[in-house]
Amino acid sequence: MEFCKSGQISNYCHPNALMTLAEYLADYASGPTKEKGLRLIERELGNISSDAIRTACKENVGHILSGVGRDFRF
């Protein structure tokens with residue numbers, strides 16, 4: 001509840017949703033869907049207010065897409 005009241009929940013839920021989308025795109029998406037999804041992820045990364053969390057999320061998405069890692073969370 002502390003994160004909700006302070007507005008910090010978006011620094012957890014939003015990055016987690018983007019990483020989950022990246023996993024879906026890597027596993028199941030067709031070429032055109034993957035392209036659209038990656039553009040969406042790139043655009044939405046800019047909406048993460050914390051620089052540190054944005055950077056970590058971007059790195060994690062890169063790891064997911066390259067097959068280096070999975071199941072990241074904040």
Side-chain angles (χ1 to χ4, degrees):
M1 199 62 173
E2 173 187 334
F3 294 123
C4 289
K5 289 182 179 181
S6 68
Q8 290 299 311
I9 193 121
S10 65
N11 283 323
Y12 299 95
C13 294
H14 194 198
N16 286 335
L18 295 177
M19 291 183 294
T20 299
L21 177 58
E23 289 179 351
Y24 170 80
L25 294 173
D27 292 346
Y28 304 110
S30 65
T33 300
K34 189 172 184 177
E35 289 176 28
K36 288 179 185 178
L38 293 175
R39 284 195 307 266
L40 174 68
I41 290 171
E42 191 63 35
R43 184 177 74 229
E44 288 299 316
L45 282 169
N47 292 327
I48 298 172
S49 58
S50 166
D51 291 337
I53 292 177
R54 183 182 329 103
T55 299
C57 184
K58 188 172 186 172
E59 288 174 5
N60 291 347
V61 166
H63 291 318
I64 290 165
L65 296 173
S66 67
V68 173
R70 305 273 310 197
D71 299 323
F72 298 107
R73 67 184 185 286
F74 289 95

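The shown structure was predicted, so the numbers you read here are calculated from the model rather than taken from an experiment.
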Salt bridge (Lys or Arg N to Asp or Glu O under 4.0 Å) partners of residues 31-40, not counting sequence neighbours, each pair once: none
Partner set under side-chain hydrogen bond (donor to acceptor under 3.5 Å, both in side chains) for S30, not counting sequence neighbours: T33
Separation between CZ of R43 and CG of L18, rounded to the nearest 0.5 Å: 10.5 Å
Sequence neighbours excluded, every pair satisfying ring-ring contact (aromatic ring centres under 6.0 Å, His included) that has a member inside residues 23-54: Y24-Y28
Separation between CG of L21 and CG of L38, rounded to the nearest 0.5 Å: 8.0 Å
Heavy-atom closest pair, residues P15 and I48: CG-CD1, 3.9 Å
Nearest-0.5 Å distance, CG of residue L40 to CG of residue L25: 8.5 Å
CA sep, side-chain torsions, deciding dist, call: K58, V61, side chain to side chain contact (heavy atoms under 4.5 Å, CB included): CA-CA 5 Å; K58 188 172 186 172; V61 166; 5.8 Å; no
Partner set under side-chain hydrogen bond (donor to acceptor under 3.5 Å, both in side chains) for S50, not counting sequence neighbours: none
N/O donor-acceptor pair under 3.5 Å between E23 side chain and D71 backbone: yes
With D27 via side-chain hydrogen bond (donor to acceptor under 3.5 Å, both in side chains) - residues at least two apart: R70
A26 to I64 - nearest heavy-atom pair and separation: CB-O, 4.4 Å
With sequence neighbours excluded, residues passing side-chain hydrogen bond (donor to acceptor under 3.5 Å, both in side chains) with E59: none
Listed partners of N47 passing side chain to side chain contact (heavy atoms under 4.5 Å, CB included), at least two apart: H14, E44
